[in-house]
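Order of the sequence lines sets the chain letters (A, B, ...), proteins ahead of strands, with each chain counted from 1. Fair warning: this is a prediction, and the values are worked out from it, not measured in the lab.
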Amino acid sequence: MMRQYRELKARYPDHLLLFRLGDFYELFLEDAERGARLLQITLTSRQDAPMAGIPYHAAENYIARLIRAGQKVAICEQLEAPGRGKKLLRRDVVRVITPGTVTDTAYLEGGANNFLLSLVRGRDRLGLALADVSTGEFWVGEAGAGGDLLEAALRRRPSEVVLPSALRDDAGLCGVLAAHGAVLTFCDPAMFASRSAADALRAHFGVATLDAFGIGDLDVGVQAAAGVLAYLRETQGQGLGHLTRLQQLLPAESMTIDETAAETLELFPTLFSTVNRTMTPMGARLLRQWLAQPLLDPTRIRARQDAIERLVREPAPRERLRRLLKGIGDVERLTSRAAMGAAHARDLVGLRASLRPLDELRDALASLLAPMDGGPEDSLLHGVHRDLGTSTSLRALLEQALADEPPLLLHEGGLIRPGWDEGLTAVVDGAREAREWIASLEDRERARTGLSTLRVRFNRVFGYGIEVSRAQATRVPDDYVRRQTLTGAERYVTAELKEHEAKVLGAEERARRLEYELFVGVRNAVATEAPDLMRTARAVALLDALAGLAEVAHTRGHVRPLVDDGTALEIVDGRHPVLEAQAARQVTPNDLALDDAATVVILTGPNMSGKSVYLRQTALLCLLAQVGAFLPARRARLGVVDRIFTRVGAQDSLAAGRSTFLVEMVETASILHNVTPRSLVLLDEVGRGTSTFDGLAIAWAVVEALHDRGGGAKVLFATHYHELTRLAERLPRVRNFHVAVREWNDEIVFLHKVLPGGADRSYGIQVARLAGLPRAVLERARGLLAEFETARAGQLERADAAQLGLFDPAPHPVLEELEKLDVSRLTPLDALNLVAEWQRRARP
Amino acid sequence: VSRIHRLPDHLINKIAAGEVVERPAAAMKELVENALDAAATTVTVDLRDGGASLMRVTDDGIGMTADEVELALARHATSKIARDEDLDAITTLGFRGEALPAICAVSRFTIQTRPREGGAGTRLVGEGGTVVQRLEVPGVAGTTVEIADLFYNTPARLKFLRTAAAELTATLRLLTALALAHPEVQLRATGNGRALLNAPRASGLRDRSGALLGYETAGRLLDVARASGSTRVTGLVSPPDLARGSRDWLVLVVNGRPVRDAVLLQTVLDAYRPLLPRDRYPVAVIAVDVPPADVDVNVHPTKAWARFRNARLLQELIFTAVQDALRQPTVMAVLGEGPPASASDVAARPAGEQPALFAETAAPYAATSTFGRVLGQVQDTFIVSTTESEVFFIDQHVAQERVLFERLKADAEAAPLPSQELLFADPLDVGPAGRVALERWLPTLARLGFALEVVDAQRVALRAVPVLLRGHDARRLLDRLIGELQPAKAEAVELDRALAFVACRAAIKANVPLAREEMERIVGDLGTAATPYFCPHGRPTVSRVSLTDIRKELKRTW
């Protein structure tokens, strides 16, 4: 048996091989050790080999945990029933589950995609393909040297990356991938072979040329896509009919939000959960994609706005639509499972229930299609209306063929609605007749034989039998054949009884088999309709996402922003979308007005006054506007932003061995290298991680660079260095703003209102007082502050006078002495004393 | 030293607070009304502990300048009226200049405001009516009033505060009414950080009701509209099957102000008779627009009541408006899932066919026009009958009352009912009030077949009774009649009430054994009645049990 195990394991070296032994799946050797650790199950041993087992009936749960832990799992089943002998059973791997190819909804989060990424390195380009096999989405693209597209793909957090084994040595690439936490799977390079790749894709999609998808010239991309297909076939079998279209992955289609920005802005889950009012898993996934990839094309943004506006203005139909949407399940994933032959009966029942509201949904939508106020009809909603709906025959089939509440298991019967299939009905009826015949046998035989103790009994081992007490056993008729002797009774069969018994048992077995076959037929019918179902699912997702955003806009009183190609960034009475949604929270509306002539904001104000909120709010509003959503503001006009950069807060990344300051500088450097004229840059307290003057100097230089070389990028720079407010005098496009506070009897009153002009001071001591610093410490600090302020003013004057003085501070007195010293006249002892003296004075 | 002296201002305010803000919900109402008077488009209310520990009302209205806000805190200072004549034609929700100083006198308060047209904002912080902090601040156009620890300095009042939950209920009822009165304003409320109510800006009363009640329900409400001169009654009322168990959704709005007017609300209920059982109330939002001079809202400091110059006309308008609405064919209850009949369906109806006004109460039953086969009588009071799918228990008295009522009504509308002369028409003492009441109803009663003669100030002679009531004791009949008809109502109802009275007297009583034929006749008649399910007084006639339920309960699965 262990030889059999080793053979199988050799075929799946990277997978945890779950080896079926009776009622358990066993893990052996290293697999056992890894599995025991991950699942916290007991590690035992069998013939000195480490072994760990999970019971088969609870396997799903354990497998789910392994997948979530990033493991790949191969499931090996016994392929024949255990016989009497000690013969080794035939076993083989029947299913491979990997993090990127899971389809069972039990393992997946409903509102998020689960992507598989494939990478192929070409001469000067990187081929990429991204697929969610559970939803049928499939993208392909090629990244140039910059790797923007790779970053875009990685932002979708693929859970598994497939690469040709040759890339195993590409330390740079593997490092990047590993940093994103994806599981790497190295495959046979033949799967990505350039010659057969295009053929494989053409064959799969049934098209004569890949130009149909606009990807004809993506050589390495096509290789990557073929790699995805081959890998899916290998792990999931042939049923991939739901992968019906291949879209080109383009970085230019959406706003770039790097990992740092996404985290700083708390897009997921905070913003997402704030604006997510979708009713279906498809809708939630689509909205998530929208937030991760805000649009750049004002026309497409306006199309979404049009549809949302329509839904905002007509709350009654909207409510009806959303109520109907609520009844629709995950059509995308259920269809995918059917297409892959993995759907069980409950999946199809779920699909059936999801298709029921579609007609009414179409009707409800129809009332929203008529043009409003003489405007053009809404293109998105029209599209949804067109795409909704599936073949009535499929729906009839699901309604009629499947039982109301079928069991989870496919081989135990109960799948098919009684009476639907004549063949099945005949078999079931036959079995029932035979069973009835047996049931009435007792009466008949008693009457025939006159034996009062005669009983018809059933026993698992011997089947049906006629039992007669020992006392009456002598009087049984001749056609009774004795089978078994019990205490006090004898058991007989007759030829007729055996015949009927065979009918009963055979029919049950046949019925189960027949039910399974019929079920597979239904499942295949669903698979055939997969393209239609997927189209419908996408229409549902679109409608759901739009209606959800409309619900948010309407209930919170948001307005439609004007989004265009201009350079203006104008927000009147804007509120922070997340804070605003928190009930009972008072949010102070704030304005912002930037354009070609004013691109950089220096925002000053004390800690806790709301500088960071203002920064983040601005970015979130831009992002939401480009998603197509309405904004919490009185009025807004925004030119599209192609990238949001953030350098906010001071998170030490100690694990990576980098100091706060280093992290800060690395991020700032990246911004300076990558900023575009349409970027929005948020800088919060840059330079805080080092000494005051270093920090101030760096901050100053960064603002200058962004102003001079940013090409018009919008920059919001929050700082408590009021010295930076002087930049506005020197640089034409810099504007000062501050967050207003007021003092009352030495107490600070936060007003959270952003106003033009710089802050006069930072109120640090008042804030410290709010935090409960002891009175004595506060008094001392107040004294020191007065001293420092006088001293610093003088220094600044000098720095200012020297124009670049900030970068070249006055020489230290020790240096001056050193310069004047005549070394030739020193004794070694004098020198040593002087060094000691200087050292004392140089210490801060 | 005189023993009588003028009270200091803060004490006056404290006393005023006793009437104006008797509870947190009332304070909240005053603040929201101020916001609405300030032309706000968004009003947000945040409460902690039902408003007792904190209430904050934020609006984006016209705001106040620093001088104005100081004045607003002074008693009897207002921007809303200026001259005597203004008091006769109030167009704002507030006008007394009393609420804000009163509320601030009994709380710790913060007011932050800035005029909409620009200029500096002001922030005042104070307690017990005294300002302790005054700041010029930037800030947002509009006004925010934050009231903490209401009644902290009036321990007597504090002691009588109801639970936070009770306050919250009262607050919500007031807010709902205000929201319905002003659909164009976004109104949001939270309590202890949880959303209580969110009414987005709506294009009209129907959408506003939808936000509060659900759009599906709102879609089924019936339009009410009627005008006479410059007095207009508009609004939405529910078909009877959407009735509720409480009066919470009976809202009367007079010139934008929710008003509690028992008489007018009763008029709405009367218009529903006999469509609703006694303890069910419709959803009804009735907006009354009258010239400001025709209504006096200066009745009580809380301004929750109003007096009308022409109350009678208003009653008539409301009554007929609601009845008209209920006569629309869309009233018919929705059976199953289909949408209510649309306007085009109505147009398709043959002109002569009277819309079946009474069919709608048949909600659960409309499919069966009959109560099936009579099985027998239980407790000499209930007739039991069955159809294929249901078993019915029919109250014999109530059922016959309904049948008689409808028959009498049809007859009485055509000609006076046949009457029976009485042999002995002794003058009976009914008291002056009884005499007045009977006298007023003489014509109505004559149509029913009563012949009454007023003998003197408190005596009346009964000369004839409806044939149906012959044999009843004249004395008792008169007493009951007076009791039944005492509260005066509009004409149509009066006739209905009198008819109901006659029908009730004439109908078979409970505890009377019936012959099979009698039972069959009652059941048959009831089956053809227009409104078979309630007696004219609103009592249900029938209880039913579904056989499916019985099968289920008895595990009869085939």
Side-chain angles (χ1 to χ4, degrees), chain A residues 312-324 356-357 359-360 363-364 367 372 550-559 572-575 580-591 630 632 634 737-745 747-757, chain B residues 41-48 54-58 60 110 112 114 121 123 125 132-142 144 146 185-204 206-211 213-220 337-339:
Chain A
V312 165
R313 287 221 221 160
E314 302 200 38
R318 183 180 78 235
E319 189 188 62
R320 180 151 171 242
L321 288 176
R322 296 182 73 237
R323 185 168 42 80
L324 292 166
R356 279 180 196 145
D359 284 336
E360 210 189 329
D363 285 351
S367 71
M372 190 166 59
E551 179 78 10
V552 170
H554 185 229
T555 53
R556 298 192 195 143
H558 292 179
V559 301
V572 178
D573 279 353
R575 280 114 52 198
E580 176 206 48
Q582 292 168 359
R585 184 129 184 186
Q586 229 193 341
V587 183
T588 307
N590 272 310
D591 300 345
F630 285 19
R634 186 176 295 277
F737 285 87
H738 70 281
V739 189
V741 291
R742 287 290 180 272
E743 276 181 288
W744 180 263
N745 298 339
E747 261 179 59
I748 190 164
V749 180
F750 293 105
L751 301 169
H752 305 295
K753 187 74 188 166
V754 174
L755 298 171
Chain B
T41 60
T42 304
V43 180
T44 310
V45 179
D46 299 306
L47 305 171
R48 208 177 305 138
L54 184 89
M55 79 174 67
R56 183 173 54 220
V57 176
T58 306
D60 58 353
T110 306
Q112 185 162 336
R114 206 202 81 196
R123 178 182 161 108
V125 179
V132 299
Q133 187 191 90
R134 234 179 226 99
L135 278 179
E136 185 194 309
V137 295
V140 200
T144 298
E146 192 173 299
V185 176
Q186 171 165 18
L187 200 60
R188 258 190 299 191
T190 67
N192 289 354
R194 288 196 6 248
L196 292 176
L197 175 143
N198 183 7
R201 222 156 288 161
S203 57
R206 193 178 292 276
D207 272 355
R208 172 51 56 96
S209 311
L213 264 178
Y215 290 95
E216 205 177 342
T217 304
R220 291 204 44 222
E337 291 276 288

Structural part of [X] lying under 4.5 Å from a heavy atom of chain A:
X      : value
B:Q133 : both
B:T44  : neither
B:R206 : neither

Exercise for the section: Begin from the C-alpha positions of A:R556 and A:E580 and carry the test salt bridge (charged side-chain N to carboxylate O under 4.0 Å, His left out) through to its verdict. Expected result: CA-CA 9 Å; A:R556 298 192 195 143; A:E580 176 206 48; 5.1 Å; no
Practice task
Consider only side-chain N and O atoms of B:R188 and B:T42, and report whether a donor and an acceptor are under 3.5 Å apart.
Solution key: no
Exercise for the section: Look at B:G210, B:A211, B:G139 and state which one has the largest set of heavy-atom pairs under 4.5 Å with chain A. Expected result: B:G139
Handout entry: Student check: side-chain heavy atoms of B:V140 and B:D60 closer than 4.5 Å
Key = no
Practice task
Check whether any side-chain heavy atom of A:P315 lies under 4.5 Å from a side-chain heavy atom of A:R318, and answer yes or no.
Solution key: yes
Handout entry: A:V741 versus chain B, the contacting section by heavy-atom distance below 4.5 Å
Key = neither
Exercise for the section: Return yes when atom CD of B:E216 has more than 12 non-hydrogen atoms of other residues, nucleotides or ligands closer than 6.0 Å, and no otherwise. Expected result: no
Problem - Residue among A:L755, A:D591, A:N590 with most heavy-atom pairs under 4.5 Å to chain B - result: A:L755
